Amino acid sequence: MGLLRLLALAVLASQPGVAGGAETIGNSSVGIIEFSVGKFRYLELNRPFPEEAILRHISSNVTFLIFQIHSQHQNTTISFSNTLLPSTSGTGTDKGLVFILRPEQSMCSWYLETLDAEPVQNVAIPLSYSERDPVPGGCNLEFDLDIDPNIYLTYDFFETTIKFAPANLGYERGTDPPPCDIRTGQDSRWRLQYDVYQYFLPENDLTEEGLLKHLQRMAEVPQVTANGIKVVTLTANDKTSVSFSSLRGQGVIYNVIVWDPFLNTSAAYVPVHTYACSFEAVEGNCSSLGRVSTKVFFTLFAVLGLFICFFGHRFWKTELFFIGFIFMGFFFYIMITRLTPIKYDVRLILTAVAGSIGGIFLVAAWWRFGILMLCMLCVGLVLGFLISSVTFFTPLGNLTVFRNDDVFWVTFSCIAILIPVIFMGCLRILNILTCGFIGSYSVVLAIDSYLYTSLSYITLNVLKRALNTHFRGAFTNVPFQTNDFIILAVWGMLAVSGITLQMRREGGRPLFPPHPYKLWKRERERRVTNILDPSHHIPPLRERLYGQFTQIREFFQKEQPAGERTPLLL
């Protein structure tokens, strides 16, 4: 049987089109797919038909192989044998196996299958490494595989976390692997370093073809270092786990390069990808991320913000309502999210109600007390909040020192408070700047509810930090692509236009409107003392209300008959 099997493989290999080339299509009806080292191959897997992957003519200087297979969101199983065991197989969208070669071995095979009812499109590649290269996952003690080169990814609304098993030093064929935890010197695996890389897919690209194409740029060491963004370098003493901010609807690929600084050799783990959303979910899946409630809320918010951007200083009370809405709504949303388990739509409605109450309260406080400094403190803090958020949106926010919550919030608050202090001597300029920047940024938030943009994470990252204590350890990198440049230009254009228009229009006018309560009181006294004023003869409000009540009561009373009411005497 063994001789017949080898003859069959030789016949298949001699046929044209069967040899594995870059980006060729596997025929699932054959049952055997032949690969070449370092060549990607597209293939389609069907549920009842498992495939056998064959790699022949392996060079003698190759010590181990990593075979990896990827799909977009449907699971694929890869195994060393037809019998699926946890220690010899893996199932997922990005999976790989390490094959340690025996002396004189020049061919190896894997088994591929899917349990999904629909056909699964995959791309796969075998990669070879020598005895000097470190073995990814060679010191695995946490996961099922003996040698696990896979990266395990979990995500939620706040953060995406990747975990991987420590690597081991390379070794020759037929020899035992170096011990993992007996020694900790430079002659052990503790000298290895791990570079974590991140790669962003094009924004709003959820296609399967796009993902499988870009995954090829993150599989091998040269491609990873050339195309990926190195986020952090871990030593063997660090925990092999890294967290990132979840970018819902944005495709991201992660990979880890293990580097041996003594031999200057390296190897790549199996790359893993995520969109931080589910393709199978009925509600809130990757294709329909924006909720109707979110779109309505931020569209109305943007309409008011656009009005404030161009006319906020002229309509002072409307601007105060806008500022009070932001103040109360932000803190109320944090409180209700952390303390209650109610649904998102209900939280958003309650936030709108609480924000409206906050806006009315700030307008009422200005109308009654007229304390300009208090109102401008609120206005300046909102602008300071945005400037502080922009500061931590830059790479400065990923510094290790700011992973401490106390340091982060103290620094964030100091930057926010610094803005109204700087502009204390020119309050009108502070007010107009706030109208321009805050009002125009509301348009950015509205655009994000319909179309993904990284600019929304300027404030969303701060909100995540306030809602989730674990978010402090997450890297907040985001892509900055064509859509973001366009929206940034729109934001800047609106802000500059609104500020310029209000500066020119308000140049010769009073800095701020007068105290409304004093004006009302002065007008009331004028009406009382001036008998020539027609309003002087208008009865007080209490008498007018009593008169109206009397008329209503008489309307419902029964009319009495006129004339003699006593009977005539006989």
Side-chain angles (χ1 to χ4, degrees), residues 298 300-331 355-391 412-446 455 458-459 462 490-520:
F298 282 105
L300 295 177
F301 184 69
V303 171
L304 180 59
L306 199 60
F307 177 83
I308 296 299
C309 178
F310 290 94
F311 307 102
H313 190 74
R314 171 73 64 87
F315 296 89
W316 170 242
K317 295 177 184 177
T318 306
E319 181 198 347
L320 288 181
F321 174 84
F322 183 69
I323 297 299
F325 183 93
I326 295 175
F327 242 100
M328 181 63 73
F330 181 79
F331 289 106
S356 300
I357 294 174
I360 294 173
F361 178 80
L362 187 59
V363 173
W366 159 253
W367 189 91
R368 179 60 183 85
F369 302 104
I371 305 176
L372 180 63
M373 296 304 297
L374 176 63
C375 297
M376 288 308 302
L377 177 63
C378 297
V379 171
L381 287 177
V382 172
L383 179 61
F385 173 84
L386 180 61
I387 294 177
S388 186
S389 300
V390 171
T391 302
F412 187 92
S413 302
C414 289
I415 297 176
I417 295 174
L418 186 63
I419 300 303
V421 171
I422 292 176
F423 289 93
M424 194 59 66
C426 42
L427 296 180
R428 181 166 67 178
I429 295 178
L430 172 62
N431 190 54
I432 293 177
L433 289 177
T434 303
C435 292
F437 286 110
I438 301 298
S440 56
Y441 184 70
S442 66
V443 178
V444 175
L445 295 178
L455 295 177
I458 292 176
T459 52
V462 180
V490 172
W491 181 18
M493 181 189 66
L494 289 175
V496 171
S497 301
I499 293 171
T500 303
L501 177 64
Q502 295 196 70
M503 286 288 190
R504 293 177 62 87
R505 188 178 58 232
E506 304 296 330
R509 295 178 176 270
L511 296 180
F512 287 93
H515 185 189
Y517 179 74
K518 289 184 178 179
L519 287 179
W520 175 81

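Since we're looking at a predicted model, the values are computed, not measured.
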Within this structure, what is the [atom1]-[atom2] distance for the pair [X] and [Y], rounded to the nearest 0.5 Å?
| X | Y | atom1 | atom2 | value |
| --- | --- | --- | --- | --- |
| Phe423 | Asn431 | CZ | CG | 12.0 Å |
| Phe310 | Leu494 | CZ | CG | 5.5 Å |
| Leu430 | His313 | CG | NE2 | 11.0 Å |
| Leu386 | Ile415 | CG | CD1 | 12.0 Å |
| Met376 | Met424 | CE | CE | 8.5 Å |
| Phe437 | Cys435 | CZ | SG | 11.5 Å |

*Step through the shown structure and confirm whether more than 12 heavy atoms of other residues, nucleotides or ligands are within 6.0 Å of CZ on Phe361.*
no
Would you say the side chain of [Y] lies within less than 4.5 Å of the side chain of [X], judging by non-hydrogen atoms?
| X | Y | value |
| --- | --- | --- |
| Leu306 | Ser442 | no |
| Arg509 | Arg314 | yes |
| Val379 | Glu319 | yes |
| Leu381 | Ile323 | no |
| Val382 | Phe327 | yes |
| Val444 | Ile458 | no |
| Leu320 | Cys375 | yes |
| Ile432 | Met503 | yes |

Look at the side chain of Ser388 and the backbone N and O of Phe412, then say whether any donor-acceptor pair between them is shorter than 3.5 Å. yes
Quiz item: Are any side-chain N or O atoms of Gln502 and backbone N or O atoms of Leu433, one a donor and one an acceptor, separated by less than 3.5 Å?
Solution: no
So, for [X] and [Y], which heavy atoms are closest and what is the spacing to 0.1 Å?
| X | Y | value |
| --- | --- | --- |
| Pro420 | Gly380 | CD-O, 3.7 Å |
| Pro513 | Trp316 | CG-CD1, 3.5 Å |
| Gly384 | Ile419 | CA-CG1, 3.5 Å |
| Phe298 | Leu445 | CD2-CB, 3.9 Å |
| Cys309 | Gly436 | SG-O, 3.8 Å |

Practice item. Would you sort out whether Phe369 and His515 count as a ring pair (Phe, Tyr, Trp, His ring centres under 6.0 Å), showing the intermediate values? Key: CA-CA 8 Å; Phe369 302 104; His515 185 189; 8.2 Å; no
- Mind telling me whether Phe321 and Phe325 have parallel, tilted or perpendicular rings, with 30° and 60° as the class edges? tilted
The residue among Phe301, Phe307, Phe315 that forms ring-ring contact (aromatic ring centres under 6.0 Å, His included) with Phe322 is Phe301
Across all chains, not counting sequence neighbours, the ring-ring contact (aromatic ring centres under 6.0 Å, His included) partners of Phe330 are Phe385
